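First up is the structure itself, then whatever we jot down about it.
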Amino acid sequence: MGKKVRVNVKGSPPIEIPVQGLNGLTALKALSIDNMENIAAIKINGEIKDLPTKINSSAELEPVCMDSQDGLEILRHSAAHVMAQAVRDLFPGTKVTIGPAIKGGFYYDFDYERAFEAKDLPEIEKRMAEIIEEDLPFIRSEIPSSEAIDFFRSQGEPYKVELIEDLSEQKVTLYRDGNFTDLCRGPHLPSTGKIGAFQLTHVAGAYWRGDEHKAMLSRIYGVAFADQKSLDAHLKNLEEARKRDHRVLGRKLDLFSIREDLGPGMVIFHPNGAILRHIIEEFEIKEHLKRGYELAVGPQLLKTELWKKSGHFDHYRENMYFTDIEDQSYGIKPMNCLAHMLIYSSKVRSYRDLPKRYFELGTVHRHERSGVLHGLIRARQFTQDDAHILCSPDQLKTEIQNILDFVGEIMAIFGFHYDLEISTRPKKSIGTDEDWQKATKALIESVEEYNLPYQINQGEGAFYGPKIDVMLEDALERSWQCATIQCDFALPERFDLSYVGPDGEKHRPAMIHRVILGSIERFLGILIEHYAGAFPLWLAPVQAIILTITDRNIAYGKDLSEALSAADFRVETDFRNEKLSFKVREAQMKKIPYMLVVGDKEMETGSVTIRLRDGHNLPPVSSKELIARIRDESQKRR
RNA sequence: GCCAGCGUAGCUCAGCAGGCAGAGCAACUGAUUUGUAAUCAGUGGGUCGGGGGUUCGAUUCCCUUCGCUGGCUCCA
């Protein structure tokens, strides 16, 4: 009788079984786990492994299901692997690079004599389906790195060689299925046949190792699921999300336009968009004044000399617009900080005055590279809800935490979930190491004291200081920076800012650049997608529309309209000689929250019938009751 | 900026192995006075993104340029 070990499924009692021939698969079978078809991999003592992994000692096991987060990742990783195999079969000479699972799918980057195009995808899909049909097992092996290098060199795969050389490990793991071997940490599905449903979605260019000085590779994106139903649901969701695109809704709801003949990246706000923007800006000013900020307004053009002094000319010039007037060079502001610093330095400051918080809805211009423009979300002109806080170094942490509170409160009003990222010193930057360390520490400690989860982005800070970024997602789950809190010890130094301390000596203030919404344009873009254009009452450009049944009701409708306007509501009227269903349809497509129907019945009883945007009808109410209702809803900001 | 795809009426899109440019919606005119997502009839509307080339002839093929879309890089 051979050696026995004790294995158990997490949360259940162990059994004792012979170790001879024991692996993840046989162990789970012995533990009578059902639905083995749906298992992608196995956790052995919490570590995800391939299902056929040998088990040599007692262990706690946990099956990883295909439709779990981990299972899907494995499935997609395997699908990427199969795609690479298909591409190599169909396009000999293709060099493979990397192909990970990502949020929502997978991709693989290839180097081929030409870029792959969308029309190549059906053929690749067909070959992938064949490989999946063959149900080839994924076979894991571990070999010395030197052998792997020789192998990939013989296969004509220089990118793999480079990867292994950079890993500088003694051994690497390979996975083989059929004729295709890939460098891969794993784990993979037991076999290709387990990939239930997949689709290749789009192609794109991508630089090798994300470096724009390196080769441009050809990337193919795809999605994969355990079954067709999940894939169909996913594709349907995507389609729905695309309908929420702020560029589409911006046109449909007549909010804004961006025109080639005016200039790319420049937004024209139409009346509906302009009022929406105005509401948010007004709201922001109030919220800032409440929190001890002071309003400031700086000029659009500042002398280039000043941009040289601040460091922007050296570090940000390629993004700035310049103009020469009467032999004097000016730069259009890409940031709002300079004027605020000049306000601070306009007189002697005492420690008793600190912190000073200057707030400006500051419009900036940045020459963004043409390929990055994206509707409102990435424009060349935008307005920031910008503030600069000058404080003593020991006030820094409190100020940062106040801002984190501010962000939390505002995001809660709009119903946004957000993620935090902290960025540290980049290569191209100004200031001393000591200052950078101090500032970075202040940011990290502030976030940690709040127990907020965050991610560190090494070397991604602004040129003048480290920052906390608040990331929001658009309809397609792309992440965008909105709020940001940036420490800066450099600019107070460069502008020789000071305050007189209790000791009567001059001291250098610390400085925070911060925005809450970020760019009003970007925030609006994400907000439009967030609400799918159906804005809550307090934001809706048109809050109510009055719909008459016949011409007899027009005078009554006008009275109601005037009453609502007098109560400060944004109201429109539709008195056209059309059927009610026609007017309802149009109002519905404009996503107007309140449709107010007035016909003969309403005139008789002095009332109005409410149809809500969700299709519900409310019993008739008087105009007084209506106003009370919408005032309440508007104040609740829901 | 880089890679790929795409630019046809206000919008959404057909068309084109090179031979007089189309539909639906919108707009306008008229009729209809209507009760919760489209009343009917008629009318006007285009340098087929710009420039160049090939051709008897280019919206269609080629080059170039601008813009857009998806990624990459960069960033609010």
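Just so you know, these numbers come straight off a predicted model, no measurement behind them. Numbered from 1 within each chain, the chains take letters A, B, ... in sequence-line order. When reading the values below, keep in mind they use all heavy atoms of this one structure, side chains included, and skip hydrogens, waters and symmetry mates.
The side chain of A/Arg522 approaches B/C75 more closely than any other nucleotide in the set B/U33, B/C75, B/C74. Residue A/Ala206 has its side chain nearest to B/C72 when only B/A4, B/C72, B/U33 are considered. For A/Val597, counting side-chain heavy atoms from C-beta on, the closest listed nucleotide (B/G35, B/C74, B/G71) is B/G35. You'll find that the side chain of A/Arg369 is closest to B/U73, out of B/A37, B/U73, B/C2. You'll find that the side chain of A/Leu580 is closest to B/G35, out of B/G35, B/A76, B/A37. In the set B/G35, B/G71, B/A37, B/A37 carries the atom at the smallest distance from any side-chain atom of A/Val584. Relative to the side chain of A/Val372, the nucleotides B/A4, B/U73, B/A76 differ in distance, and B/U73 lies closest.
For a distance-only test at 3.5 Å, the side chain of A/Glu368 qualifies as a donor-acceptor partner of the base of B/A76. Between the side chain of A/Tyr207 and the base of B/G1, at least one donor-acceptor pair of N or O atoms lies under 3.5 Å. Side-chain to base pairing of A/Arg378 with B/C74: one donor and one acceptor N or O lie within less than 3.5 Å of each other.
The partner of B/C25, taking Watson-Crick or G-U wobble pairs whose two distances both stay under 3.5 Å, is B/G10. Figure legend. B/U39 is base-paired to B/A31; pairs are counted as Watson-Crick or G-U wobble with both atom distances under 3.5 Å. Under the Watson-Crick or G-U wobble criterion, with both distances below 3.5 Å, B/C75 is left unpaired in every strand shown. Base pairing annotation: B/G5 forms a Watson-Crick or G-U wobble pair with B/C68, both donor-acceptor distances under 3.5 Å.
Applying the ring pair (Phe, Tyr, Trp, His ring centres under 6.0 Å) rule to A/Phe91 yields the partners A/Tyr112, A/Phe116; only residues at least two apart in sequence or on another chain are considered. By the side chain to side chain donor-acceptor pair (under 3.5 Å) test, A/Gln300 pairs with no residue at all, sequence neighbours left out. Partners of A/Asn237 according to the side-chain contact (heavy atoms from CB on, under 4.5 Å) rule, which considers only residues two or more places apart in sequence or in another chain, do not exist here. In this view, A/Tyr454 satisfies the ring pair (Phe, Tyr, Trp, His ring centres under 6.0 Å) rule with no residue, not counting sequence neighbours. Applying the side-chain contact (heavy atoms from CB on, under 4.5 Å) rule to A/Lys214 yields the partners A/Trp208, A/Asp211; only residues at least two apart in sequence or on another chain are considered. Considering only residues two or more places apart in sequence or on other chains, A/His270 meets the ring pair (Phe, Tyr, Trp, His ring centres under 6.0 Å) condition with none of them.
Ion pairing between a basic and an acidic side chain is recognised when a charged N comes within 4.0 Å of a carboxylate O; A/Glu473 and A/Lys103 show such pairing.
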Produce the list of close N/O pairs, under 3.5 Å, pairing protein atoms with atoms of nucleotides 8-13 of chain B; give distances to one decimal.
residue, atom, partner, partner atom, Å
B/U12, OP1, A/Arg251, NH1, 3.0

Show me the protein contacts with nucleotides 62-67 of chain B, counting only N or O atoms at under 3.5 Å.
residue, atom, partner, partner atom, Å
B/C66, O2', A/Glu260, OE2, 3.1
B/G67, O4', A/Glu260, OE2, 3.3

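Between B/G35 and A/Arg611, no contact under 4.0 Å exists linking OP1 or OP2 to a side-chain N or O. Proximity of A/Arg247 to the phosphate of B/U69: a side-chain N or O atom is located under 4.0 Å from OP1 or OP2. Listed pair A/His374 / B/G70 meets the phosphate criterion, a side-chain N or O lying under 4.0 Å from OP1 or OP2.
The list of ring-ring contact (aromatic ring centres under 6.0 Å, His included) pairs with a residue in residues 471-490 of chain A, not counting sequence neighbours, reads A/His374-A/Trp480.
Of the residues in residues 477-490 of chain A, A/Arg478, A/Gln481, A/Cys482 come within less than 4.0 Å of RNA chain B through at least one heavy atom, sorted by number.
Scanning all heavy atoms of the two residues, the minimum distance from A/Met595 to A/Leu612 falls at CE-O, 4.2 Å.
Of the possible polar contacts, none joining the A/Lys427 side chain to the A/Gly459 backbone as a donor-acceptor pair under 3.5 Å is found.
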Side-chain donor-acceptor distances from residues 409-419 of chain A under 3.5 Å, at least two apart:
residue, atom, partner, partner atom, Å
A/Glu409, OE1, A/Arg291, NH2, 2.3
A/His417, NE2, A/Asp419, OD1, 3.4

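Nucleic acid contact for A/Thr609: base, since at least one base atom lies under 4.0 Å from a heavy atom of the residue.
With RNA chain B read from its 5' end, the first of the two nearest nucleotides for A/Asn319 and A/His202 is the one closest to A/His202. The 5' end of RNA chain B is approached more closely, in terms of each residue's nearest nucleotide, by A/Lys601 than by the other of A/Lys601 and A/Ser519.
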Can you check each nucleotide of nucleotides 38-46 of chain B against protein heavy atoms at under 4.0 Å and return B for base, S for sugar-phosphate only, - for none, in 5' to 3' order? BB-------
